[in-house]
*Asks:* 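Please see the structure below; I have some questions.
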Amino acid sequence: MRVAHNIAGMNTSRNQGIVRGDLGKSLEKLSSGYRIVRAGDDAAGLAISESMRAQIAGLDQAMRNVNDGVGMVNTGEGALQEVHAMLHRLETLAIESANGTFDDVARENVNLEKEEILHEIDRICENASFNENELFSTGQPPVPINPPEASKDDIVFQIGPSEEELMNVPRYFMGSKALGLRGEYGNKDMELGTPEKASEAIETIAKAVQAVTVVRSEFGAAQNHLDCTHNNLGVTTENMTEAESRIRDANMPDEITKFTSRNIVLQAAMSMQSQAHAIPQKVLSLLQNA
């Protein structure tokens with residue numbers, strides 16, 4: 001027996017501190033839901049988890065980019081849908097004007113409507129934009145329109161978390177000049193004032209319809225591409241999140257079991273500490289009875 005040092009008390013106090021620390025870690029994991037709360041819990045696991053979290057964040061942003069891209073190509077396709085409708089109206093006017101039953105006054109009225117339609121086509125193509133990004137080049141292309149010419153500055157979408165995951169959508173020349181309806185490559189504007197000119201205009205309008213169809217098809221293909229990309233990103237994000245969860249998240253039943261066990265050990269350690277403090281009292285009793 002010793003009275004200068006209570007070794008048993010020191011031992012129980014040290015063990016109690018260890019158990020308290022483990023109990024505190026269990027509480028952190030149970031309250032946060034994470035197995036890895038700090039790097040000391042699993043340094044290698046934390047590094048892998050953080051890398052995967054960065055990938056997941058990139059995938060989430062890529063999905064938002066794809067959604068914006070779908071909105072952008074839908075905006076362009078919607079604009080061209082109206083251009084197509086106006087071209088069909090021009091075709092109707094040209095066929096009417098080519099008929100010999102029309103007089104000069106009627107053909108003049110047809111020409112006036114034709115000009116208004118061309119102005120509206122130019123307005124739509126010049127103002128078609130998404131978040132202030134122009135969807136078409138409105139100048140005159142350097143070559144004939146069949147197939148339609150695209151400018152060099154494509155619309156570029158970032159559709160993945162890595163640098164090389166890009167998707168380019170051509171930015172085509174669109175407008176009355178680009179479609180050959182006005183000042184076709186140095187020639188005069190399309191006219192509907194005589195049967196002969198109206199007959200020539202029918203073929204010109206048909207080529208313009210074909211050109212717009214090509215561009216609309218390009219937008220449609222881009223939308224299908226983006227839809228497939230969005231679905232793939234969603235599946236990848238889900239799988240990556242599940243894998244990261246297996247590394248980072250706490251197994252709650254296992255942690256509850258550990259917490260219960262450590263809590264019992266702590267109570268036992270506290271009981272033993274009171275017994276260790278009683279040992280010097282027994283020495284004192286012996287001295288008092290001596």
Side-chain angles (χ1 to χ4, degrees), residues 32-36 42 44-85 87-88 124-138 146-174 178 209-253:
S32 67
Y34 292 121
R35 181 182 70 87
I36 305 174
D42 185 352
L46 178 69
I48 296 172
S49 173
E50 289 298 332
S51 176
M52 295 178 75
R53 282 188 173 188
Q55 287 181 274
I56 292 168
L59 289 167
D60 287 339
Q61 183 57 55
M63 289 181 70
R64 290 190 289 272
N65 288 358
V66 168
N67 286 333
D68 291 340
V70 171
M72 191 171 192
V73 297
N74 282 342
T75 300
E77 201 276 334
L80 293 183
Q81 183 178 7
E82 190 58 33
V83 171
H84 250 159
L87 289 175
H88 293 321
I124 290 175
C125 295
E126 288 171 2
N127 292 282
S129 62
F130 187 89
N131 194 26
E132 299 185 358
N133 292 305
E134 295 181 354
L135 300 179
F136 307 111
S137 293
T138 55
N146 289 306
E149 182 74 6
S151 63
K152 296 181 180 179
D153 55 333
D154 290 350
I155 303 169
V156 182
F157 299 132
Q158 179 74 41
I159 59 172
S162 59
E163 181 180 358
E164 65 275 7
E165 294 181 81
L166 301 175
M167 175 182 170
N168 288 20
V169 177
R171 182 180 279 110
Y172 287 95
F173 288 96
M174 278 288 119
V209 170
Q210 181 183 2
V212 174
T213 301
V214 170
V215 180
R216 288 187 68 181
S217 298
E218 184 74 42
F219 280 132
Q223 180 177 354
N224 291 335
H225 185 169
L226 290 170
D227 287 340
C228 292
T229 300
H230 185 275
N231 294 338
N232 179 65
L233 288 171
V235 172
T236 304
T237 301
E238 181 181 340
N239 292 334
M240 288 284 291
T241 302
E242 181 183 5
E244 195 271 339
S245 174
R246 293 176 185 273
I247 296 171
R248 192 75 170 256
D249 291 355
N251 185 329
M252 299 304 285

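The first residue in the sequence is number 1, and the count goes up from there.
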*Asks:* Which heavy atom of M52 sits nearest to which heavy atom of I247, and what is that distance?
*Replies:*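 Nearest pair, atom of M52 first, then I247: SD-CD1, 3.8 Å.
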*Asks:* Within the structure provided, determine whether V156 and M167 are in side-chain contact (heavy-atom separation under 4.5 Å).
*Replies:* no
*Asks:* I need the L233 CG to C228 SG distance, nearest 0.5 Å.
*Replies:*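 It comes to 11.0 Å.
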*Asks:* Is any side-chain heavy atom of M174 less than 4.5 Å from a side-chain heavy atom of V83?
*Replies:*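 No, every pair of side-chain atoms sits at 4.5 Å or beyond.
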*Asks:* Test side chain to side chain contact (heavy atoms under 4.5 Å, CB included) on V70 and H230; report intermediate values, then the result.
*Replies:* CA-CA 10 Å; V70 171; H230 185 275; over 6 Å; no
*Asks:* Where the side chain of Q158 meets the backbone of G160, is there a donor-acceptor pair that is under 3.5 Å apart?
*Replies:*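 Judged by distance alone, yes, a pair lies under 3.5 Å.
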*Asks:* Going through the distances and angles, do D42 and R248 end up as a side chain to side chain contact (heavy atoms under 4.5 Å, CB included)?
*Replies:* CA-CA 9 Å; D42 185 352; R248 192 75 170 256; over 6 Å; no
*Asks:* Would you confirm whether T236, through its side chain, and N232, through its main-chain N or O, come within 3.5 Å as a donor-acceptor pair?
*Replies:* yes
*Asks:* More than 12 heavy atoms of other residues, nucleotides or ligands under 6.0 Å from CD of E132: yes or no?
*Replies:* no
*Asks:* How far apart are the closest heavy atoms of T213 and V209, and which atoms are they?
*Replies:* OG1-O, 2.8 Å
*Asks:* Go through the steps to decide whether L80 and H84 satisfy the test side chain to side chain contact (heavy atoms under 4.5 Å, CB included), and finish with yes or no.
*Replies:* CA-CA 6 Å; L80 293 183; H84 250 159; 6.0 Å; no
*Asks:* Can I159 and N65 be said to form a side chain to side chain contact (heavy atoms under 4.5 Å, CB included), step by step?
*Replies:* CA-CA 6 Å; I159 59 172; N65 288 358; 5.9 Å; no
*Asks:* With I155 as reference, evaluate N168, L135, V73 under the side-chain contact (heavy atoms from CB on, under 4.5 Å) test and give the passing residue.
*Replies:* L135
*Asks:* State, to 0.1 Å, how close C125 and F136 come at their nearest heavy-atom pair, and which atoms those are.
*Replies:*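 Minimum heavy-atom contact is O-CD1, 3.8 Å.
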*Asks:* Taking the side chain as every heavy atom from C-beta outward, state whether V169 and F219 have any atom pair closer than 4.5 Å.
*Replies:*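 Side-chain contact under 4.5 Å: yes.
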*Asks:* Nearest heavy-atom pair of S137 and S151: which atoms, and what distance?
*Replies:*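 Looking at all heavy atoms of both residues, the closest pair is OG-OG, 3.0 Å.
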*Asks:* May I ask you to check whether over 12 heavy atoms, not counting those of Q61, lie within 6.0 Å of atom CD?
*Replies:*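 Counting neighbours around CD of Q61, more than 12 heavy atoms of other residues, nucleotides or ligands fall under 6.0 Å, so yes.
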*Asks:* Is there side-chain contact between Q223 and E77, with heavy atoms separated by less than 4.5 Å?
*Replies:* no
*Asks:* Heavy-atom count around R53 CZ within 6.0 Å, excluding the residue itself: above 12?
*Replies:*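 Check passes, neighbour count above 12.
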*Asks:* Can you give me the closest heavy-atom contact between L226 and G69, atom names plus distance?
*Replies:* CD1-C, 3.5 Å
